[in-house]
Every structure is written in C-alpha cells, then in structure tokens.
Number of protein chains: 2
Amino acid sequence: MDSKQLDLVFAALADPTRRALLARLSEGDNCVAVLAEPFAMSQPAISKHLKVLENAGLISRHSAGTSRFSHLEAEPLREATEYMEKYKRFWGAKFDKLDAALAAYQEENTDD
Amino acid sequence: MDSKQLDLVFAALADPTRRALLARLSEGDNCVAVLAEPFAMSQPAISKHLKVLENAGLISRHSAGTSRFSHLEAEPLREATEYMEKYKRFWGAKFDKLDAALAAYQEENTDD
DNA sequence: CGCTTACAGAACCGATTGGTTATGAATGGA
DNA sequence: TCCATTCATAACCAATCGGTTCTGTAAGCG
C-alpha cells in the first residue's frame, strides 16, 4: 500500500460518521437511505461520506434497481493495521534494549 | 479510547509528513531542528505537525536547554490498531459464514 | 551584557472538508 | 405514460488545514 493510499484510508477513518458507516456495513451490505437513517444529516452528506470511503477502497458499490448497495472492503484496513504494527515493538510499558533490538531486527523494514 | 481521540489519531496519521516524523522518532528522540532537516518545509511547519502529533497523544515532549525533544508514545497506535482489528474477521479472501459467526462471537462488541 | 541558536506563536493565505439546499437522472410501479 | 423513489451532482458556505513569513522568547555562550 503506497503512501497516497494510506493518506486516504487514515483520512477516511478520521471521521466518526464514516467509522459508524463502516461499523454498520460490517453487519451487512446496505443502501444509502437505510445507512443514512441513524444520522442527523442529509442524504447528500451521507453520499459524500460513502464516496470518501469508496475512494479509500474501504467499500465497493453495486446498483440494484434504484438502490445502490455499499459493501465493506476490509483489505485496506488490514494494510493500514499492518502499517501501524511497525510500531508494535514500542507497545507495552516495559521493554529493554535487547528486546527492542531483536524486535527491530525481526521486522521488515518499510519506509514512510 | 474514545471517539474524539480516534479522530485525532487517525487524522494525525493521515499526513505523510507526520508519518515520516513518527518513523524518525521510532529511531530515537530528537529535537525540532534535526527532525525538520529531511523536509522541504519551514521550521514552524514542522512545529505545527509536532503539535498535531502531541495533541493526538502520539508523542510527548521535554525541553533540554534551548532544544525540545520529541518522544514517540505508541499507546494510541496500539489502541487504534485494536480498533481496526474489529474488522479482522473480514480479512482474507475466503471465510465461510460459520467462520464469520465464530469470529464475531469471540469478539468484544465495541460500538462506534 | 550582548549575540546566537532553537523554538513557538501570530497573522495570513489558498485549498480542502463537511455540511447545506436545489436539481436532475434512472429505475420501478400504477 | 406519469409519478414516486433513490441517489448523485452542483453550487454554495463556514471552518479547518497545511503551508508561509515575521516576530518574540528563553537558554547558552563569548
């Protein structure tokens, strides 16, 4: 996953409405009107959020009649998680220098 | 980790300069001037980015003489990773409904 | 004391974001 | 055919973002 894509994924996740949409989609595909229901927000606002998620690769969409269904695509989430796990060796309150060195050595060294 | 804090962490991670700063800090604490070196950007711009990282809890800072050193704080990264792992059951190309149901059952159910 | 270095803060700027309302296009149904 | 439903797009707006330059402040040093 390149840097630009990470920009989009993290930016998409930085909004609580979009995270809630993803959470909802984890329970199953759904159409715009139904997805919009829980929010005190207009339909075009939700459509915009869905487009942001789509651009980040976090959802795909397909039409059925007059409805468009959104489908969760988790792969970018996996890759973003993988990115963050580069920092796993700093987790946990205590680790001595040997631990850190070993952990660092074991890791694939990716930049960015 | 509450929703507001997730906003800040993901928003902080959504910028490539800030991700690069974190990567640099994973090699050790450093002061502003040195951190700024690799970037074609003014010192105040870097100071702003560091403040964003600090507000997200991703770094802490301490002064030493005229310098201020930034220190990586990985805990919010761990928590954000934890958040994303809610979607772990959707990773991997194949999984049948039983797998999904089991994975869902095993999971703590956090909202947002 | 006076100079330099390291950094933060303020003021400013253009671009982007997150929302709105209004409109239009495509589908399905009477 | 005509109408209703679903949704996207356009135009607009205020607020935020990411950068700039200029200035101020605090610490170290001659």
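Per chain, numbering begins at 1; letters A, B, ... match sequence-line order. The analysis underlying the following values was restricted to heavy atoms, covering all of them including side chains, and did not include hydrogens, waters or symmetry mates.
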(message) If you define the side chain from C-beta out and look only at heavy atoms, does anything of A:L77 sit under 4.5 Å from B:K88?
(response) no

(message) What contact category does A:A45 fall into here, base, sugar-phosphate, or nothing, at under 4.0 angstrom with non-hydrogen atoms?
(response) base

(message) Given D:dA10, D:dC7, C:dC7, identify the nucleotide with an atom nearest to the side chain of B:A33.
(response) C:dC7

(message) Once you apply a heavy-atom cut-off of 4.0 Å, does B:K48 come out as touching a base, just sugar-phosphate, or nothing?
(response) base

(message) I want to verify a distance call: between C:dT20, C:dG9, D:dA8, whose nearest atom is closest to the A:S42 side chain?
(response) C:dT20

(request) Mind calculating the distance between CD (B:E37) and P (C:dC7) to the nearest angstrom? (result) 10 Å

(request) Give the rounded distance in Å between these two atoms: CD1 of A:I46 and P of C:dT21. (result) 14 Å

(request) Taking only the side-chain nitrogens and oxygens of B:R61, find out if one of them lies under 4.0 Å from OP1 or OP2 of C:dA8. (result) yes

(message) Taking the minimum atom-to-atom distance to the side chain of B:K51, which one of D:dT20, C:dA8, C:dG9 wins?
(response) C:dG9

(message) Rounded to whole Å, please give me the gap between CZ in A:F69 and P in D:dA8.
(response) 12 Å

(request) Looking only at side-chain atoms of A:C31, point me to the closest of D:dC22, C:dT21, D:dC7. (result) D:dC7

(message) Rounding to an integer number of Å, can you tell me how far B:R68 CZ sits from D:dT25 P?
(response) 17 Å

(request) To the nearest Å, give me how far apart NE2 (B:H62) and C1' (C:dA6) are. (result) 14 Å

(message) Return whichever of B:V52 or B:P44 has its heavy-atom-nearest nucleotide of DNA chain D closer to the 5' end.
(response) B:V52

(request) Check the pair A:Q43, A:S47 against side chain to side chain donor-acceptor pair (under 3.5 Å), reporting the backbone distance first and the verdict last. (result) CA-CA 6 Å; A:Q43 167 262 313; A:S47 283; 3.1 Å; yes

(message) If you go through the side-chain atoms of A:Q43, does one of them form a donor-acceptor pair with the base of D:dA8 closer than 3.5 Å?
(response) yes

(request) Figure out the CG/C1' separation between A:N55 and D:dT9, and round it to whole Å. (result) 14 Å

(message) Do the side chains of B:E75 and B:R78 get close enough for a salt bridge, i.e. N-O under 4.0 angstrom?
(response) yes

(request) Specify the separation, in whole Å, of atom CZ of A:R19 and atom P of C:dG18. (result) 12 Å

(request) Specify the residue among A:T66 and A:A14 whose closest nucleotide of DNA chain C lies further upstream toward the 5′ end. (result) A:A14

(message) Between A:F39 and A:L21, is there a side-chain heavy-atom distance shorter than 4.5 Å?
(response) yes

(message) Students often get this wrong, so: under 4.0 angstrom with heavy atoms, is A:S67 touching a base, only sugar-phosphate, or nothing?
(response) sugar-phosphate

(message) Are the side chains of B:E73 and B:L58 in contact, using a 4.5 Å heavy-atom criterion?
(response) no

(request) Please determine, for the side chain of B:D15, which listed nucleotide (D:dT21, D:dA10, D:dG18) has the closest atom? (result) D:dG18

(message) What is the separation between atom NE2 on B:H49 and atom C1' on D:dG18, rounded to the nearest whole Å?
(response) 6 Å

